[in-house]
Protein chains: 2
Amino acid sequence: MTTQTVAQQRSDARSEYNAYLAMCPSRNLLDRISDKWVALVLVALGQSDKRYSELSRQLVGVSQKMLTQTLRLLERDGLIRRELTLSVPVRADYSLTPLGRSLLPLLASVKEWAESHMDEVLAARTVYDSGA
Amino acid sequence: MTTQTVAQQRSDARSEYNAYLAMCPSRNLLDRISDKWVALVLVALGQSDKRYSELSRQLVGVSQKMLTQTLRLLERDGLIRRELTLSVPVRADYSLTPLGRSLLPLLASVKEWAESHMDEVLAARTVYDSGA
DNA sequence: CTGCATCCCAAACGATACTG
DNA sequence: CAGTATCGTTTGGGATGCAG
């Protein structure tokens, strides 16, 4: 009989990956989905499948380079699917995979939190910058 | 009578902030909480209040500079509170504010998603890198 | 239209040394 | 203990030009 609790055993079994460890791949994944553009891209694709140019218009201020890079990384990680239609002109359609769709509600809620708590944060900054 | 739908009116009223617009402050806030270390810091403080050195140990690999910077920014945005005890040696305690606590479950679920879907992402990367 | 390749600058970051 | 300051390197990311 050990001193390890049932809760600890369950915890160990549940998460073999631990984002607090620098060398753990889940740290890398958390960095990836915490990227500047990832939430906006995924939420945009959650609304509907979109073409490259549509995403480019919706994510105001994104450069071609960063949009392409973000899309490639998300595709590599299996979060989005890229379908190329070889017409003239060429056409690229992006959609969420089931895996991406499982992450969508989480990032959507983070984005909504940012929009709905903007006033409070702005107020906090004013206080901090003046008094502090 | 206009052609604007009720859904559109509701949408307009609900979110005056729109993170898709580059100049909107909510874009800035989304960038901030999408930061590399923010989720880890907030989840760590969600477990319990922590001292600077405790955070430093838990977030393996974080540099003093980045930890301090992250904590300052979160404090400025009103997400965490910093309490300094002028003893010898000095002591700094960090805790979540109600605002920070409202964000906590969202980021905690993102962190957990990263840990629990690591295998699928790793598999997707292997497929992409080999075949593609 | 949808990219990729390149150049280049500015910002981010890590390591180190130092301080109240 | 909990930082600040500085420096050197790395990375992010915009601009431009080209290609399928």
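Every chain is numbered from 1 and lettered A, B, ... according to where its sequence line falls, protein lines coming before strand lines. Computed over heavy atoms, backbone and side chain alike; hydrogens, waters and symmetry mates excluded.
Here the side chain of A/Glu120 pairs no donor or acceptor atom with the backbone of A/His117 at under 3.5 angstrom. Side-chain atoms of B/Ser130 come within 3.5 Å of backbone atoms of B/Val127 as a donor-acceptor pair (strictly under, hydrogens ignored).
Between A/Ser63 and B/Arg72, it is B/Arg72 whose nearest contact on DNA chain D lies nearer the 5' terminus. Each of B/Tyr94 and A/Gln64 has a nearest nucleotide on DNA chain D; the 5'-most of these lies closest to B/Tyr94.
The distance from atom NZ of A/Lys65 to atom C1' of C/dA10 is 13 Å, rounded to the nearest whole Å. Atoms CG (B/Leu84) and P (C/dG20) sit 15 Å apart, rounded to a whole Å. Between B/Leu86 atom CG and D/dC1 atom C1' there is a gap of 12 Å when expressed in whole angstrom units. If you take CE of A/Met66 and P of C/dA11, they are 16 Å apart, rounded to a whole angstrom. In this entry the distance linking CG of B/Asp93 with P of D/dG3 reads 10 Å, nearest Å. The interatomic distance linking A/Lys36 (NZ) with D/dG13 (P) rounds to 5 Å, in whole Å. In this structure, B/Leu67 atom CG and C/dA15 atom P are separated by 14 Å, rounded to whole Å. Distance A/Asp31 CG to C/dC13 P: 10 Å, rounded to the nearest Å.
A salt bridge does not link B/Asp93 to B/Arg82: none of the charged nitrogens lies less than 4.0 Å from a carboxylate oxygen.
Heavy-atom minimum distance, B/Asp49 versus B/Glu54: O-OE1, 4.4 Å.
Of the residues in residues 38-52 of chain B, those lying under 4.0 Å from DNA chain D by heavy-atom distance are B/Arg51, B/Tyr52.
Under 4.0 angstrom from either OP1 or OP2 of D/dA2 there lies at least one side-chain N or O belonging to B/Ser53. Phosphate contact (OP1/OP2 of D/dA2, side-chain N/O of B/Arg82, threshold under 4.0 Å): absent.
As judged by a 4.0 angstrom heavy-atom cut-off over every strand, A/Gln69 is placed among residues making no nucleic acid contact.
Counting heavy atoms from C-beta on, the side chains of A/Ile33 and B/Trp113 come closer than 4.5 Å. In this structure, A/Leu59 and B/Tyr20 have side chains that are in contact, with non-hydrogen atoms separated by less than 4.5 Å. Counting only heavy atoms from C-beta outward, the side chains of B/Arg81 and B/Pro98 approach each other to under 4.5 Å.
Taking the side chain of A/Val90 as heavy atoms from C-beta on, and the options D/dC1, D/dG3, D/dG20, the nearest nucleotide is D/dG20.
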